[in-house]
Amino acid sequence: QLQASGGGLVQPGGSLRLSCATSGNILSINVMAWYRQAPGKERELVAVIASGGGTNYVDSVKGRFTISTDNAENTMYLQMNSLKPEDTAVYYCNTFGRNFPWGQGTLVTVSS
């Protein structure tokens with residue numbers, strides 16, 4: 001199972017780094033992704049990273065979020081800068097194919 005962590009309360013314009021703990025060779029054989037679900041909305045894809053390092057982002061976070069992996073640590077990250085109130089959501093990690101059960105996610109709240 002994949003477990004996201006690192007969320008919290010941050011002011012608009014602030015930064016957070018989310019972590020996703022994995023195991024085995026999950027990162028090396030899968031396209032990995034971060035998702036988020038805001039209150040009252042459907043879960044959406046935020047960022048994707050391929051095993052070769054290629055990345056893609058939803059338009060609303062381009063230039064502000066960076067997805068990365070550390071295969072030695074079996075960890076995926078999401079660096080979030082210039083956070084906005086509309087980034088408030090529960091953030092989840094999974095493969096792009098959503099192959100694993102959804103964990104409890106980590107709550108990010110952007111508010112002054």
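Count residues from 1 along the sequence.
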* Under the criterion side chain to side chain contact (heavy atoms under 4.5 Å, CB included), which of Asn56, Thr66, Thr69, Val31 is the partner of Ile49? -> Thr69
* Asked: Thr95 and Leu2: which non-hydrogen atoms are nearest, and at how many Å?
  -> N-CD1, 4.2 Å
* To do: Identify the heavy atoms of Asn99 and Asn30 that sit nearest to each other, and give their distance.
  => OD1-OD1, 4.0 Å
* Which pair of non-hydrogen atoms, one from Ser19 and one from Thr75, has the smallest distance, and what is that distance? -> CB-CG2, 4.2 Å
* Are Phe100 and Leu27 linked, directly or through other ILVMFWY residues, by side chains that come within less than 4.5 angstrom of each other? -> yes
* To do: Using a strict cut-off of less than 4.0 Å between a Lys/Arg side-chain nitrogen and an Asp/Glu carboxylate oxygen, indicate whether Lys62 and Asp59 qualify as a salt bridge.
  => yes
* Asked: What about Tyr35 and Ile67, same hydrophobic cluster or not, with Ile/Leu/Val/Met/Phe/Trp/Tyr joined at side-chain heavy-atom distances under 4.5 Å?
  -> no
* Taking C-beta and beyond as the side chain, do Ser68 and Gln79 meet within less than 4.5 Å on heavy atoms? -> no
* Asked: Can Leu16 be reached from Met76 by stepping across I, L, V, M, F, W or Y side chains whose heavy atoms are under 4.5 Å apart?
  -> yes
* Asked: What distance do Tyr57 atom OH and Leu78 atom CG have between them, rounded to the nearest 0.5 Å?
  -> 7.5 Å
* Structure fact -> For Ser28 and Ser51 the tightest heavy-atom approach is O-CB, 3.4 Å
* **Non-hydrogen atoms of Ala4 and Tyr91 that approach each other most closely** => CB-O, 3.9 Å
* Which distance, rounded to the nearest 0.5 Å, do you find between the OG of Ser82 and the CZ of Phe65? -> 9.0 Å
* Report the C-alpha separation of Ser15 and Asn81 in whole Å, then their side-chain angles, then the decisive distance to 0.1 Å, and conclude whether the side chain to side chain donor-acceptor pair (under 3.5 Å) test is met. => CA-CA 4 Å; Ser15 297; Asn81 299 328; 2.9 Å; yes
Check residues 37-46 and write down every donor-acceptor pair under 3.5 Å in which the side-chain atom is one partner and the other belongs to a residue at least two apart or another chain.
from  : atom 1 : to    : atom 2 : distance (Å)
Gln37 : NE2    : Lys41 : O      : 3.1
Glu44 : OE2    : Arg36 : NE     : 2.6
Glu44 : OE2    : Arg36 : NH2    : 3.2

* To do: Verify, without hydrogens or angle tests, whether Thr88 (side chain) and Val110 (backbone) share a donor-acceptor contact under 3.5 angstrom.
  => yes
* What's the shortest heavy-atom distance between Met80 and Val108, and which atoms? -> CE-CG2, 3.8 Å
* Side-chain heavy atoms under 4.5 angstrom apart, residues restricted to Ile, Leu, Val, Met, Phe, Trp, Tyr: same cluster for Tyr77 and Met32? -> no
* Asked: Judged by atom type as modelled, is there a donor-acceptor pair below 3.5 Å linking the side chain of Asn71 to the main-chain atoms of Asn74?
  -> no
* Distance (rounded to the nearest 0.5 Å) between Trp34 CH2 and Tyr92 OH -> 12.0 Å
* Is the number of heavy atoms from other residues, nucleotides or ligands within 6.0 Å of CD (Gln104) greater than 12? -> no
* Structure fact -> When rounded to the nearest 0.5 Å, the distance separating CG of Asp87 from OG of Ser111 is 12.5 Å
